[in-house]
Amino acid sequence: MGTKENDCETGDQAFLKKDALGRWPEMTYGGALSFLRRRYSRDLANIDVAVSGIPFDCAVTYRSGSRLGPRAIRAASVQLAELKAFPFGFDPFEHLSVVDYGDCFIDPHHPETVIETIEGHIKKITDAGVIPLSLGGDHFVTYPILKAIAAKHGPVSLLHFDAHCDTWEDDGKRFDHGSMFLRAKNENLIDVSRSCQVGIRTYNDSDHGFDILTAPWVHREGVDKTIEAIKSRIGSNKVYLTFDIDCLDPAFAPGTGTPVPGGLSSAQALAIVRGLGDLNLVGADVVEVCPSYDVAEVTALSAATIAHDILCLLALKKGCETHPVGRL
């Protein structure tokens with residue numbers, strides 16, 4: 001399959017495509033990589049969603065390496081750009097204009113600049129009226145993202161998928177991917193009374209006001225009740241969705257920094273995400289993919305699919321119609 005000389009209708013659309021809607025055929029095993037083969041661009045005119053990488057992992061408490069997560073997630077997204085979305089039965093880019101915004105340029109040798117840099121990166125996206133979908137990076141990156149989100153929308157609901165509560169003691173200054181959501185609460189970036197945590201299986205002395213749907217509860221009560229509980233808690237509130245890949249059990253996501261047994265299966269997580277189309281999403285991220293600990297790219301594949309399905313939820317809002325096939 002070669003590129004047509006005059007109209008560039010096949011291959012390398014990451015840099016050859018002129019617009020952000022639609023797509024053309026690619027070799028899954030070759031070509032320029034971007035997330036879902038979207039066009040690389042910093043021009044946000046008439047764009048709905050900007051996907052960008054946040055390659056930072058200096059706030060980890062165990063295994064490092066998630067700075068390479070954005071690259072791995074992009075590489076794992078190639079098959080998802082090949083066919084119509086399952087189970088939706090549509091091409092999300094028929095109605096949803098999406099660009100790959102590239103990576104946030106972070107100077108690790110000046111840590112005092114990291115929060116401001118990430119916040120400014122996201123603020124350029126939100127100021128343009130565009131929804132940010134970020135690929136981490138360790139989970140601390142969600143804190144500066146939330147600063148930009150709250151500056152645009154005010155305190156938002158947080159829908160937090162994770163093995164860890166990330167609300168342990170925080171001094172307001174530390175770089176710690178286990179305490180930043182307590183800081184977000186203390187700084188009024190999020191409305192915990194309308195926020196929900198899913199898949200938690202580590203202990204904290206306080207829930208800090210979150211509705212916590214632990215992993216054992218999800219296993220016992222099932223996907224449908226989990227979706228019902230999330231929607232009941234958040235309602236029509238503006239919501240930011242953050243998905244730490246260690247929400248999945250290590251059997252499904254070994255490539256992460258702080259794996260905890262007893263987590264959700266990839267099937268459970270995808271079914272829950274796919275059931276959240278009614279939510280008023282104003283941003284999202286998928287974080288904590290560590291390629292050096294991955295096996296056959298299974299973690300990156302799950303992360304790419306979750307991010308892809310978040311885009312499908314936004315595509316539904318833009319008018320994409322589902323055409324399911326088979327018993328669902």
Side-chain angles (χ1 to χ4, degrees), residues 48-49 88 96 122 126 129-134 139 141-143 145-167 180-201 204 206-245 247-248 263-264 268-287 306-318 322:
D48 297 311
V49 183
F88 304 96
L96 190 73
I122 298 299
T126 56
V130 175
I131 293 174
L133 172 58
S134 304
H139 213 163
V141 306
T142 306
Y143 166 67
I145 293 173
L146 283 172
K147 286 173 69 71
I149 291 290
K152 176 72 172 181
H153 299 286
V156 295
S157 294
L158 184 69
L159 176 54
H160 173 205
F161 292 84
D162 208 320
H164 311 86
C165 59
D166 293 345
T167 53
M180 67 286 172
F181 291 143
L182 180 57
R183 190 183 309 181
K185 173 193 173 183
N186 291 339
E187 294 183 3
N188 201 34
L189 306 180
I190 57 177
D191 178 359
V192 294
S193 70
R194 303 287 295 276
S195 295
C196 191
Q197 296 179 313
V198 183
I200 307 300
R201 51 194 187 278
N204 193 341
S206 173
D207 61 18
H208 291 288
F210 286 91
D211 185 13
I212 301 178
L213 311 180
T214 67
W217 187 92
V218 175
H219 293 317
R220 184 175 64 251
E221 299 297 330
V223 166
D224 290 343
K225 284 192 176 181
T226 301
I227 294 171
E228 181 182 346
I230 292 170
K231 290 182 176 180
S232 175
R233 178 71 168 188
I234 294 173
S236 61
N237 225 33
K238 292 180 178 179
V239 57
Y240 185 87
L241 190 161
T242 181
F243 199 109
D244 186 327
I245 204 64
C247 181
L248 304 184
L264 275 59
Q268 285 175 308
L270 289 170
I272 293 168
V273 169
R274 289 166 181 168
L276 299 176
D278 295 336
L279 295 186
N280 185 11
L281 282 170
V282 295
D285 64 52
V286 182
V287 299
I306 290 163
H308 168 271
D309 285 5
I310 291 169
L311 289 179
C312 287
L313 298 184
L314 296 170
L316 285 170
K317 297 269 189 177
K318 288 288 290 186
T322 60

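- Rounded to the nearest 0.5 angstrom, His153 NE2 and Thr126 OG1 are separated by 6.5 Å.
- Counting only distance, with no hydrogens or angles, the side chain of His219 and the backbone of Thr214 share no donor-acceptor pair below 3.5 Å.
- A donor-acceptor pair is defined here as one N or O able to donate and one able to accept, closer than 3.5 Å; no such pair exists between the side chain of Arg201 and the backbone of His164.
- With no hydrogens or angles considered, a side-chain donor-acceptor pair links Thr242 and Asp285 at under 3.5 Å.
- Residues meeting the ring pair (Phe, Tyr, Trp, His ring centres under 6.0 Å) test with Phe210, sequence neighbours left out: none.
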_Asp162 vs His139, test: side-chain hydrogen bond (donor to acceptor under 3.5 Å, both in side chains). Steps then yes/no._
CA-CA 10 Å; Asp162 208 320; His139 213 163; 3.1 Å; yes
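- Taking SG of Cys165 as the reference point, atom CG of Asp207 lies at 10.0 Å (rounded to 0.5 Å).
- To the nearest 0.5 Å, the span separating CG on Leu96 from CG on Leu316 amounts to 10.0 Å.
- Between the OG1 atom of Thr167 and the NZ atom of Lys185 there is a distance of 8.5 Å, given to the nearest 0.5 Å.
- Here the straight-line distance linking atom CD1 of Ile306 with atom CG of Leu311 works out to 12.5 Å at 0.5 Å rounding.
- Taking 4.5 Å as the limit, every side-chain heavy atom of Phe181 sits out of range of all side-chain heavy atoms of Val192.
- Side-chain contact annotation: Ser206 with Asn204, donor-acceptor N/O pair under 3.5 Å absent.
- Ring geometry for Phe243 against Phe161 counts as parallel: the plane angle stays under 30°, on a 0 to 90° scale with 60° as the upper cut.
- Of all the heavy atoms in Pro155 and Ile190, the pair that sits closest is CB-C, 4.1 Å.
- Between the CG atom in Leu313 and the CG atom in Leu281 there is a gap of 6.5 Å [rounded to 0.5 Å].
- Here the closest heavy-atom approach between residue Gly199 and residue Leu264 is recorded as CA-CD1, 3.7 Å.
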*Between Val282 and Ile131, is a side chain to side chain contact (heavy atoms under 4.5 Å, CB included) present by the stated rule, with each step listed?*
CA-CA 6 Å; Val282 295; Ile131 293 174; 5.7 Å; no
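- The side-chain contact (heavy atoms from CB on, under 4.5 Å) test with Val239 singles out one residue from Leu158, Leu159, Ile230, and that residue is Leu159.
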